[in-house]
Protein chains: 2
Amino acid sequence: LLELKGIKKIYQQGQVEVPALRGIDLTIHRGEFTSVVGPSGSGKTTLLNLIGCLDTPTEGKIFFDNREIEKLSKEELALLRRYNLGFIFQEYNLIPVLSAYENVELALRLFDDIKEIEVEKRVKNILEAVGLADFAHHTPGELSGGQQQRVSIARALVKEPKLILADEPTANLDSKTSEEVLEVMVEMNQQLDTTFIFSTHDPLVWDYAQRIITLKDGQIAEEKSS
Amino acid sequence: LLELKGIKKIYQQGQVEVPALRGIDLTIHRGEFTSVVGPSGSGKTTLLNLIGCLDTPTEGKIFFDNREIEKLSKEELALLRRYNLGFIFQEYNLIPVLSAYENVELALRLFDDIKEIEVEKRVKNILEAVGLADFAHHTPGELSGGQQQRVSIARALVKEPKLILADEPTANLDSKTSEEVLEVMVEMNQQLDTTFIFSTHDPLVWDYAQRIITLKDGQIAEEKSS
Ligand SMILES: Nc1ncnc2c1ncn2[C@@H]1O[C@H](COP(=O)(O)OP(=O)(O)OP(=O)(O)O)[C@@H](O)[C@H]1O
Ligand SMILES: Nc1ncnc2c1ncn2[C@@H]1O[C@H](COP(=O)(O)OP(=O)(O)OP(=O)(O)O)[C@@H](O)[C@H]1O
Ligand SMILES: [Mg+2]
Ligand SMILES: [Mg+2]
């Protein structure tokens, strides 16, 4: 599904160069449930942003479904992100003026071929699955940290894309709620063959991962498959 | 140091009432190292915001150093927050245009009796203690999630206030970095008698806490002292 070759990312900060990724080679197959782990600042979010086509690498190539991302036009990239990718951001990135329901519904609005009644069913089902049925009409400012995080999760899952990138999805959740959310993801992975790549510090997520990739200082230090 | 009597907080959401705290009685003594735990949405942030004088309860009284918070004037409240309280926000709340160094320094700038050279020393020391010496000149947008969180921690600690309220301070940190940050807090607690109240889902923080208060659905369900 995904192939990364020689990926480097160097942030330019005035005169200073900050190397966030120093050469990453990685292959991800369809249906994987993989976790990227590593210390704070090791490059996990940078890696997920590159795979999620939200940023471009300084060096190296990325292939999504055998298509080289760099060679895609802006329109093709937008279509790829809309239909094939779901992103759960570390900072949630919810739209403050929309309710939880509207934030999740918006992700489906961009699909022009789904009927209204089907959209409503899918949005309600996913909000219920992450435990937010009673908070559908709260805006982000009227939700707790972990509730906002779950809206961000619901918004990515409702699209049922090929690949979901989850950046620290359980950081603000207690262990029971984390398990409920992970169970929803495992079910999607098993029933729809949805590929999941997590960035996480949460040992609970490691237990669910079939494969653990350890990043240290911008490089892959270790890989383990369970 | 702190006394809460019959505290209730009901959020008004249009016509709907959302009870976040349903009657909390709590006494916190000087020098405590206490954790508030509970599921996502149970009322932890709401409780910390009330203790931190960032919000007012719907019902009940709060006493800080035997002074009733509600009876204080706006100026007295601001002075109390400036000199006696440090707050580590769940969403960090850093100032985007300022560097890590400037965000931390700003907290000390409000103290008019500290010399320039002393301010510089304290800011540098605390950034080093949380592992961010090399990132002092990055703005929040140029920092990872966990690095931003540590700036927010440094900003509260540098003030050396009587009470520090830490809302999920390790949510985006790996376990090694979490331990380093907790060690800094334990040292402040032992050397300066700084009182710490945490809100957390992180089992690692529970191990450091002398007292654990469990919130469920807006009420104290259990209290344990180790
Ligand atoms: N401004 C608001 N308007 C309406 N409801 C609110 C508002 N702020 C918070 N709430 C609700 O109050 C409840 C408690 O929220 P709070 O943020 O205190 O929870 P929490 O324990 O900190 O959760 P988390 O662990 O997810 O951060 C939640 O159910 C939330 O939806
Ligand atoms: N825009 C930027 N400019 C300069 N440096 C940056 C920028 N964005 C990130 N960095 C740096 O790149 C490194 C990697 O950041 P990244 O966000 O990928 O880490 P991370 O592994 O996700 O960390 P965390 O677990 O704390 O979220 C960090 O040291 C960070 O300071
Ligand atoms: Mg990150
Ligand atoms: Mg909270």
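This is a predicted model, so every value here is computed, not measured. In what follows, chains carry the letters A, B, and so on, assigned in the order in which the sequence lines appear, proteins first and then strands, with residues in each chain numbered from 1. Side chains are part of it too, since the values below use all heavy atoms of this structure and drop only hydrogens, waters and symmetry mates.
- Expressed to the nearest 0.5 Å, how far OG1 of T200(A) lies from CG of N172(B) amounts to 9.5 Å.
- A154(B) is linked by a side chain to side chain contact (heavy atoms under 4.5 Å, CB included) to V104(B), I126(B), L127(B), V130(B), counting only residues two or more places apart in sequence or in another chain.
- Summarising the geometry, atom CG belonging to L173(B) is positioned 9.0 Å from atom CD belonging to E168(A); distances are rounded to the nearest 0.5 Å.
- Shown here for H137(A) and Q13(B), the closest heavy-atom pair between the two residues is O-NE2, 3.5 Å.
- Between the CG atom of D202(A) and the CG atom of D202(B) there is a distance of 9.0 Å, given to the nearest 0.5 Å.
- Around atom CD of E70(B), no more than 12 heavy atoms belonging to other residues, nucleotides or ligands sit under 6.0 Å away.
- By a heavy-atom distance cut of under 4.5 Å, G38(B), P39(B), S40(B), G41(B) are the residues of residues 37-51 of chain B near chain A, going up by number.
- Counted within 6.0 Å of CD on E128(A), heavy atoms from surrounding residues, nucleotides or ligands total 12 or fewer; the atom is thus considered open.
- Scored by the side chain to side chain donor-acceptor pair (under 3.5 Å) test, K124(A) finds E120(A) as partners (sequence neighbours excluded).
- Between E91(A) atom CD and Q148(B) atom CD the span is 7.0 Å, to the nearest 0.5 Å.
- With rounding to the nearest 0.5 angstrom, the NE2 atom of H201(A) is 7.0 Å from the OG1 atom of T177(B).
- Contacts between V18(A) and chain B at a heavy-atom distance below 4.5 Å involve the side chain alone, from C-beta outward.
- Counting heavy-atom pairs closer than 4.5 Å to chain A, the top-ranked of the candidates K176(B), H138(B), Q149(B), R150(B) is H138(B).
- By the neighbour-count criterion of 12 heavy atoms within 6.0 Å, atom CD of E180(B) is densely surrounded, having more than that number from other residues, nucleotides or ligands.
- Take E59(B) and apply the side chain to side chain donor-acceptor pair (under 3.5 Å) test, not counting sequence neighbours, and it matches no residue.
- Listed options G131(A), S175(A), A171(A), S144(A) were ranked by heavy-atom pairs under 4.5 angstrom with chain B; first place goes to A171(A).
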